[in-house]
Amino acid sequence: MNDQIKRIGVLTSGGDAPGMNAAVRAVVRTAVGQGIECIGIRRGWSGLITGDFVRLDGTSVSRIINRGGTMLYTARCKEFMDHEGREKAIATCKLLGLDSIVAIGGDGTFRGALDLSRQVAEHGARLSVVGIPATIDNDIGCSHYTIGFDSACNTAIECIDKLRDTMQSHERCSVVEVMGRHAGYLALYVGIAVGATAVLIPERPVDFENDVVENIRRARLAGTTHYMVVVAEGAGNVYDFAAQIKEALGIDPRVTVLGHIQRGGTPSARDRETASRMGYAAVKALVQQKGNRIIASVNGHIEDLDMEEALTMTKQFQMERYDILEALTNNSISHF
Ligand code: F6P
């Protein structure tokens, strides 16, 4: 029984990601097991500003582990970025008696959490905040993995496999945009998994002639009559790329923007399992009075890192994956 932390507020913020529900469930069940009360804050930081809450117990998080989206709703909240907005959130924390917050989301969510905690400290009080990385973009510097990425990859792969059927029948070129904001993780992992002819990602300057035009030519010379070009949304305009392909090769590509479908659906085994471990670790860190933390996946291990430090971390994009894609789908020579 823990006599320090008494009441945790848990919220999901930013773009939703499959597995967020599993993380909420893990936080609530672990807290309840420690005799800690859990209050769900609905609609992310804006719910903390408006006092939009729901009391949660072990049974209120039953049968959500398999559900996509987030039972707590989510939002992007501009007001919370201002001192004034956070003052309102602090008033809610005071009213509800929250001594800690577990915020499930991305980078922006964590920065907001840290600002909130610092502002509470200015009042001479204390609010411990713990972040759990959940975004389909996998773009959080301190964590090798973010909840939702695997499910989003699987959804995108399923869609692209379907696209391939029709592209193959009509002997066409498909140019598919996948999400990822400024990161190319989703595009590259998906590109490898569907055997894409070309993948364009923001981490690598686009050499259109070599990476797209020549790859399509090579595929044609090898006997292929349909092509799959996967474009990360951060790499450039998918319609412009399609037009360039038409101009260079005289073929007429079809553009598909997968969009928000990638954020929906049943969370994968990996996302449910990771979310469960991260939710458990978040409450453990609070019980152990560790202060502001981010729960991170580091080489497959779940660790809690100092939040301030973790927010300065960057992760190395594994460009080797691009070489693997090239070697496997375009028979390019790898220089080991
Ligand atoms: O961060 C998740 C994400 O889905 C990005 O991949 C995408 O750029 C963005 O959110 C879309 O945001 P919104 O849901 O506000 O359109």
Side-chain angles (χ1 to χ4, degrees), residues 11-24 42-47 67-81 103-113 131-160 175-191 193-194 199-204 230-241 255-268 270-271 274-275 278 294 296-297 310-311 314-315 317:
L11 59 85
T12 51
S13 169
D16 63 348
M20 276 183 162
N21 278 326
V24 172
R42 287 189 291 219
R43 302 176 174 87
W45 295 122
S46 65
R67 280 174 39 205
T70 160
M71 69 166 284
L72 291 177
Y73 303 97
T74 184
R76 303 188 200 277
C77 180
K78 274 215 167 89
E79 196 182 355
F80 191 73
M81 290 161 101
I104 304 164
D107 236 29
T109 303
F110 303 156
R111 285 181 205 286
I132 296 181
T135 161
I136 65 160
D137 303 337
N138 199 26
D139 61 349
I140 294 180
C142 66
S143 188
H144 290 152
Y145 187 76
T146 63
I147 296 164
F149 178 69
D150 184 59
S151 306
C153 282
N154 287 325
T155 300
I157 288 164
E158 196 187 326
C159 294
I160 294 173
V175 184
V176 192
E177 183 193 280
V178 301
M179 278 188 167
R181 203 180 287 273
H182 306 299
Y185 294 99
L186 201 50
L188 190 50
Y189 277 61
V190 164
V194 300
V199 176
L200 302 179
I201 49 174
E203 291 81 358
R204 193 176 184 278
V230 175
V231 180
E233 64 174 330
N237 186 295
V238 72
Y239 293 97
D240 291 348
F241 288 134
V255 172
T256 305
V257 177
L258 291 185
H260 290 82
I261 200 160
Q262 294 160 99
R263 292 223 302 250
T266 301
S268 68
R270 182 172 187 187
D271 285 327
T274 306
M278 286 186 166
I294 292 181
S297 168
L311 284 173
T314 49
K315 67 180 166 194
F317 191 86

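If you read the sequence from its start, that first residue is 1, and numbering goes on from there. What you see below is based on every heavy atom in this structure, not just the backbone, and it leaves out hydrogens, waters and symmetry mates. Counting starts at 1 for both ligands and their atoms, in listed order.
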When you check ligand 1 against the protein, what N or O pairs turn up below 3.5 Å? List the atom names and distances, or just say none.
unit_1	atom_1	unit_2	atom_2	d
ligand 1	1 (O)	D137	OD2	2.7
ligand 1	1 (O)	R181	NH2	3.4
ligand 1	4 (O)	R263	NH1	2.7
ligand 1	6 (O)	D137	OD1	2.7
ligand 1	6 (O)	G180	N	3.1
ligand 1	6 (O)	E233	OE2	3.2
ligand 1	8 (O)	E233	OE1	3.4
ligand 1	8 (O)	E233	OE2	2.6
ligand 1	10 (O)	R76	NH2	3.2
ligand 1	10 (O)	R181	NH2	3.4
ligand 1	10 (O)	R263	NH1	3.1
ligand 1	12 (O)	R76	NH2	2.9
ligand 1	14 (O)	H260	NE2	3.0
ligand 1	14 (O)	R263	NH1	2.9
ligand 1	14 (O)	R263	NH2	2.9
ligand 1	15 (O)	R76	NE	3.2
ligand 1	15 (O)	R76	NH2	3.3
ligand 1	16 (O)	H260	NE2	2.9

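At a cut-off of 3.5 Å, with distance as the only test, a side-chain donor of D150 or S268 sits close to an acceptor on the other residue.
Annotation: side chain to side chain donor-acceptor pair (under 3.5 Å) contacts of R181 (sequence neighbours excluded): none. In this structure, the side chain to side chain donor-acceptor pair (under 3.5 Å) partners of Y145, at least two apart in sequence or on a different chain, are D271. In this structure, S46 has no side chain to side chain donor-acceptor pair (under 3.5 Å) partners at least two apart in sequence or on a different chain.
Between L186 and F149 there is a side-chain heavy-atom pair separated by less than 4.5 Å.
For F317, the CZ atom sits in a packed shell: over 12 heavy atoms of surrounding residues, nucleotides or ligands are nearer than 6.0 Å.
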